[in-house]
Amino acid sequence: MRGPMNTKKRNEAIPYFFFSLLAFIFLVEVPVFVNYGRACFNLWDLGIYSQALGQISWSDLNPLITARGIRIFNDHFDPILLLAAPLAHIMDAGRAALWVEFMFVMAAAGVLFALATKREWNPTTLLLLLIVFLFGGTISSAVSFPVHPGAWAVFPLLLLSVSLVYERPIPILASLLFLFLFKEEFPFLGIALAITFFLRRRFLLGVGILTMSLGWLWLVFSAREAIVGPIVHYPSVLAEGWLESPIQKISSFLFSSGRWKTNLSLLAPFVPLAVWSFRSKMKFHWGLLALFVVHFGIRLVSQRWGYHYECTLAALLIGASLPLAFQQEDAPSRWVWASTLMLLLAVQAPFIGRYSGRTLFRGGLARCPADPVRLLELEELRVRLKNSEGTPVMAMGNLFPMLAYRGAFVLPMETRTLPNPPFWVALEKEPTGDPWPVGYDGIERMLNQFGKQYSAEVLLDGRFVKLVRFN
């Protein structure tokens, strides 16, 4: 049923938007920021992108990422970092990276809230979509494994989805171009979208989208190499093995328990919405569905699942569900609400208990407890190294992000290029800290090797933290 939405229902729904956002912030985002202060996150990916944000400057727009041994834009091409970098000039780079990710997630949620204030959108349906987006499991998985511009892309993906619902060419092109700034895979979505417009005989818009997408791909995979030097060609890297053993790749996708778990957490909360859409004979937007199918295909080919990889798929499913709320007076029925909330509870409850509950109320995560002695030792470590800027630091994975501040030269434990002495080695003692990928035994062997080559000076040897200077 089409027509303007009831103003009374809109006013009744608005407070629940704020309640949902506050619940998400408390249950998901607050534990993330708390755990950052406890050095809980590995250099993958927080250390990489906090180092990038902290080192980007007018004198070096393409800084070296020591964790990867490559300059940031020779690895991935996500120029959105250039717009986010100024925040790292006014606060700790790791915390700045977390704030950037938080703001993009909130901006994505803000898109749904902004639509709820407009007469042509059903606020009750949008509220359900917001709850599914925030508590469907993929966003909490992404922000608890911070940070990555691929996760930040939930915002431009929802902007693009809204533009497609309205069928406005300029916003479609603008939001698509904005999306390209976040990761080099998104122009492939643009090509799929162009094809849907060609099939609908909207040739001018299709040509515009296709030209922009192909132009960006040329910039990413051809012109970029001429500008910055050798790059990592991820399409060829990620597609390795498909020609030799496609059956093995497909079976890995179909039968791996880990893949089933992540994909169920992605898809299950949308099942009631899908059933409702079929029953209500909703007219699908093939452009929105094409975006999801192609993006899912990219995930399938690359075999990248979990962590931050699926939140963009969730954003596209939210986008594909937007026609349920556009110019529709029919709100989700009780069975849709009940079944969706039950599925969300099944998906999110383990995360809240295992992550949020332990972080806020049970002394912290096992690898990074909130022991006051440990926190004091971490602060002493940070201050000592801050006062010795310029000397290279080899840091255990979970210590890397807190040391990747501006002007620091931090190396991961697994680096193959040892710095010239003097240099520091900062680590936590077993069982705290995160020794991945070398392990506690590997770190111990490394220290023994350094002790034979250089003179060692132990500057901090506490219950949890150890700092050694090799000369």
Side-chain angles (χ1 to χ4, degrees), residues 17 104-116 118 120-139 142 150-169 171-183 185-197 200 205 209 213 266-274 276-278 280 282-299 308-328 332 340:
F17 279 85
F104 276 117
V105 172
M106 289 296 99
V111 171
L112 297 177
F113 174 76
L115 295 179
K118 297 182 177 296
E120 64 268 27
W121 291 87
N122 189 305
T124 308
T125 305
L126 289 171
L127 175 62
L128 181 58
L129 293 179
L130 175 72
I131 293 172
V132 171
F133 173 67
L134 293 177
F135 297 102
T138 60
I139 291 294
W152 307 352
V154 293
F155 175 49
L157 282 170
L158 281 178
L159 288 179
L160 176 60
S161 299
V162 174
S163 301
L164 288 170
V165 170
Y166 277 115
E167 295 278 347
R168 293 173 180 171
I172 289 173
L173 294 172
S175 56
L176 192 62
L177 182 61
F178 184 40
L179 175 65
F180 292 168
L181 299 178
F182 291 77
K183 205 172 182 185
E185 67 188 30
F186 290 123
F188 293 104
L189 276 64
I191 294 174
L193 186 60
I195 292 173
T196 65
F197 279 106
R200 294 170 55 194
L205 183 54
I209 293 173
S213 301
L266 166 69
L267 298 173
F270 288 93
V271 171
L273 285 168
W276 177 39
S277 66
F278 279 110
S280 62
M282 182 191 81
K283 185 178 180 181
F284 294 102
H285 193 294
W286 294 107
L288 292 170
L289 292 177
L291 292 176
F292 174 80
V293 170
V294 172
H295 198 31
F296 190 88
I298 292 173
R299 289 285 169 267
H308 63 270
Y309 289 108
E310 293 186 321
C311 62
T312 46
L313 288 169
L316 287 171
L317 284 175
I318 293 294
S321 305
L322 285 177
L324 284 168
F326 185 60
Q327 294 183 343
Q328 301 289 331
T340 302

Identify each donor-acceptor pair in which a side-chain atom of residues 311-322 lies under 3.5 Å from a protein atom, sequence neighbours left out, and give them as a table.
{"unit_1": "Thr312", "atom_1": "OG1", "unit_2": "His295", "atom_2": "NE2", "d": "2.8"}
{"unit_1": "Ser321", "atom_1": "OG", "unit_2": "Leu317", "atom_2": "O", "d": "2.8"}

Worksheet entry | Where Gly150 and Lys183 come nearest, the two heavy atoms and their spacing | CA-CD, 4.3 Å
Worksheet item: CD/Gln327 to NZ/Lys118 distance, rounded to the nearest 0.5 angstrom?
Response: 13.0 Å
Item to complete: Could you check if a side-chain atom of Leu164 sits within less than 4.5 angstrom of a side-chain atom of Leu291, using non-hydrogen atoms only?
Response: yes
Item to complete: Determine whether Phe197 and Ile172 make a side-chain contact, defined as any pair of heavy atoms from C-beta on separated by less than 4.5 Å.
Response: yes
Worksheet item: Given side chains that start at C-beta, do those of Leu273 and Leu129 come closer than 4.5 Å, heavy atoms only?
Response: yes
Worksheet item: Is there side-chain contact between Arg168 and Ser163, with at least one heavy-atom pair below 4.5 Å?
Response: no
Item to complete: Flag the pair Leu176 / Leu189 as yes when at least one side-chain heavy-atom distance between them is below 4.5 Å, and no otherwise.
Response: no
Worksheet entry | Check: Thr125 and Phe326 side chains under 4.5 Å, non-hydrogen atoms | no
Would you mind writing out the side-chain donor-acceptor pairs for residues 152-162 within the sub-3.5 Å range, not counting sequence neighbours?
{"unit_1": "Trp152", "atom_1": "NE1", "unit_2": "Glu101", "atom_2": "OE1", "d": "3.0"}
{"unit_1": "Trp152", "atom_1": "NE1", "unit_2": "His148", "atom_2": "O", "d": "3.3"}
{"unit_1": "Ser161", "atom_1": "OG", "unit_2": "Leu157", "atom_2": "O", "d": "2.8"}

Worksheet entry | Over all atoms of both residues, closest heavy-atom pair of Ala142 and His308 | CB-CA, 3.8 Å
Worksheet entry | Separation of Leu130 CG from Phe113 CZ (nearest 0.5 Å) | 10.0 Å
Response to the item:
Nearest heavy-atom approach of Glu167 to Pro169 is O-CD, 3.5 Å
Practice prompt. Please examine the side chains of Ser213 and Phe180, heavy atoms only from C-beta on, and report whether any two atoms are closer than 4.5 Å.
Written response: yes
Worksheet item: Which heavy atom in Leu266 sits nearest to a heavy atom in Glu310, and how many Å separate them?
Response: CD1-O, 3.9 Å
Worksheet, complete the sentence: Minimal heavy-atom distance between Gly287 and Thr196, with the atoms involved, is CA-OG1, 3.8 Å
Worksheet entry | For Val165 against Trp121, the heavy-atom pair lying closest together | CG1-CH2, 3.7 Å
Discussion item. Could you walk me through whether Gln328 and Glu120 satisfy the side-chain contact (heavy atoms from CB on, under 4.5 Å) test, starting with their C-alpha distance in whole Å, then the side-chain angles of each, then the deciding distance to 0.1 Å, before giving a yes or no?
Written reply: CA-CA 8 Å; Gln328 301 289 331; Glu120 64 268 27; over 6 Å; no
Worksheet item: When rounded to the nearest 0.5 angstrom, what distance separates CG in Leu324 from OG1 in Thr124?
Response: 13.0 Å
Worksheet item: Step by step, would you call Phe186 with Phe178 a ring-ring contact (aromatic ring centres under 6.0 Å, His included)?
Response: CA-CA 10 Å; Phe186 290 123; Phe178 184 40; over 10 Å; no
Discussion item. Just to verify, what does Ile195 make a side chain to side chain contact (heavy atoms under 4.5 Å, CB included) with, not counting sequence neighbours?
Written reply: Ile191, Leu199
Worksheet item: From Ile131 CD1 over to Thr340 OG1, what is the distance, rounded to the nearest 0.5 angstrom?
Response: 9.5 Å
Discussion item. Counting C-beta onward and ignoring hydrogens, is there a side-chain heavy-atom pair between Leu267 and Phe270 closer than 4.5 Å?
Written reply: no
Item to complete: Please round to the nearest 0.5 Å and tell me the distance separating atom CG of Leu134 and atom CD1 of Ile139.
Response: 7.0 Å
